[in-house]
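Here is the naming used below: chain letters follow the sequence lines, and residue numbers restart at 1 for every chain. The figures that follow rest on heavy atoms only: side chains count, while hydrogens, waters and symmetry mates do not.
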There are 2 protein chains.
Amino acid sequence: MKPGDFPILRGGNAPPSGAKGTLGEVRDEFVAQWGAIGSAWGINRTMAQIHALLLAAPQPMSTDEIMDDLHISRGNANTNLRDLVGWGLVRSVVRKGERREYFEAEKDVWKMFGIIVRERRRREITPAVEALHRCATRAEGLRGTEAEEFRRMLASLEEFLQLAGGVMDKVVHAGQGAVVPWALRLLK
Amino acid sequence: MKPGDFPILRGGNAPPSGAKGTLGEVRDEFVAQWGAIGSAWGINRTMAQIHALLLAAPQPMSTDEIMDDLHISRGNANTNLRDLVGWGLVRSVVRKGERREYFEAEKDVWKMFGIIVRERRRREITPAVEALHRCATRAEGLRGTEAEEFRRMLASLEEFLQLAGGVMDKVVHAGQGAVVPWALRLLK
DNA sequence: CGAAACTTTCAGTTTATTCTGAAACATCAG
DNA sequence: CTGATGTTTCAGAATAAACTGAAAGTTTCG
């Protein structure tokens with residue numbers, strides 16, 4: 001992002017960052033920041049902004065409210081909402097007597113990061129381990145010092161990723177109660 | 001990637017994936033796969049391919065060798081090599097009596113992932129914690145149930161990220177010897 | 001059925017990222 | 001200094017990712 005460009009904010013530019021603000025202003029700030037953070041995490045900015053908006057919203061919001069708040073098109077809002085629902089970070093809720101869909105974010109932080117960790121495991125670790133394993137299989141019969149060294153490298157990459165994947169699984173399945181004490185112990 | 005395009009491979013297309021291959025072929029396969037994996041990790045493909053090439057290479061390689069192997073331009077090779085050196089994943093070495101620079105990858109897997117974890121911490125966790133903290137500060141004085149709920153959410157996001165960052169630090173600094181036993185204990 | 005309310009899709013556009021290739025720059029040997 | 005060798009930079013081209021807006025699709029209700 002070039003200097004001079006700013007994330008979209010409802011109602012104009014950000015106030016000086018030390019200042020206090022109204023609840024609405026701080027929410028907007030949060031939405032903008034979370035959008036930027038999302039980019040760094042490899043999540044597209046709009047998706048992260050919608051997520052932030054719903055995290056900060058006191059009640060579920062409709063597609064149109066989200067469109068208005070973020071100044072995005074219907075198609076964009078729809079696609080990203082579907083993706084968020086697909087990930088499990090957002091649920092759709094129906095109010096009785098209304099046809100319109102409303103959306104609310106999963107607000108339990110632990111569950112939320114659990115979902116993100118699971119997704120990352122699925123996208124980053126699993127395919128890597130599989131690819132390495134295929135290479136290792138194909139390298140099995142090769143002779144010579146060089147080949148052995150190469151195989152050793154493949155094996156240690158795979159081993160590391162297996163370990164990392166295992167830890168991620170555990171974090172996802174064990175939940176807050178089990179992992180926090182472990183983490184604190186590690187940090188002590 | 002459109003159908004019909006394939007990741008660049010020295011000497012032609014990939015053989016059927018179950019087959020064994022010569023050392024050269026398997027190395028090429030590894031380079032192509034690691035490039036794809038890099039994309040999933042948010043690293044650009046060329047950078048990941050160069051890294052893989054150097055990981056798999058028995059000796060340091062020059063810029064020209066890398067260009068030829070991957071069919072990429074000098075500018076591209078140079079930029080990505082600089083970035084890899086900047087991260088610490090690759091070192092440049094000079095052979096005595098030669099002016100040309102050669103490059104070799106850090107081959108200790110533990111160090112390598114340590115570098116990646118540190119970088120991710122720096123890019124993904126630190127700015128997020130800072131942004132959340134700024135929001136929390138600005139929300140400090142706000143009254144009302146809604147505001148309290150919002151503050152609680154900010155606080156729990158921040159707390160979680162602090163914890164994650166701490167674990168990442170520990171993993172980076174403690175090294176293999178200290179972390180593996182902990183990880184295994186967690187998994188048991 | 002038919003119109004209203006709402007959602008989904010997608011071709012075309014915009015924006016962001018990555019790559020090329022050639023020129024500028026640096027260093028060394030003679 | 002001068003030519004040879006090697007490295008860096010960067011404007012413009014190519015590619016990839018995200019977004020728009022309008023049309024098509026779906027559901028509900030009178």
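Rounded to whole angstrom, the span from the CZ atom of A:R100 across to the P atom of C:dC6 amounts to 5 Å. Going from atom OH of B:Y102 over to atom C1' of D:dT7 covers 15 Å, rounded to whole Å. Nucleotide D:dT7 holds its P atom 11 Å from the CE atom of B:M67, rounded to whole Å. Computed from coordinates, the A:R82 CZ to C:dC10 P distance equals 15 Å when rounded to whole Å. Atom-to-atom, CG of A:L70 to C1' of D:dT20 comes out at 15 Å; the value is rounded to the nearest Å. One interatomic measurement links the two molecules: CD1 of A:I66 to P of D:dC19, which rounds to 14 Å at whole-angstrom precision. Atom CG in A:D64 sits about 14 Å away from atom P in D:dG21, given to the nearest Å. Distance, A:E98 CD to D:dT27 C1': 15 Å, rounded to whole Å.
Judged purely by atom type and a 3.5 angstrom limit, B:R91 has no side-chain atom pairing as donor or acceptor with the backbone of B:E104. Using a distance-only test at 3.5 Å, with no hydrogens or angles considered, no donor-acceptor pair links the side chain of B:E98 to the main chain of B:R95. A donor-acceptor contact shorter than 3.5 Å links the side chain of A:W41 to the backbone of B:E124.
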Quiz: residues 172-186 of chain B side-chain donor-acceptor pairs under 3.5 angstrom, not counting sequence neighbours:
from, atom 1, to, atom 2, distance (Å)
B:H173, ND1, B:D169, O, 3.2

Please output the side-chain donor-acceptor pairs of residues 153-161 of chain A that fall under 3.5 Å, not counting sequence neighbours, one pair per line with the distance.
from, atom 1, to, atom 2, distance (Å)
A:S156, OG, A:R152, O, 3.2
A:S156, OG, A:M153, O, 3.0
A:E158, OE1, A:H133, ND1, 3.3
A:E158, OE2, A:H133, ND1, 2.7

Per-nucleotide protein contact string for nucleotides 18-30 of chain C, where B marks a base within reach and S marks sugar-phosphate only (heavy atoms under 4.0 Å, - for neither): SSBB-----BS--
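Look at B:R27 and A:E149 and you find no salt bridge, because none of the NZ, NE, NH1 or NH2 atoms lies under 4.0 Å from a carboxylate O.
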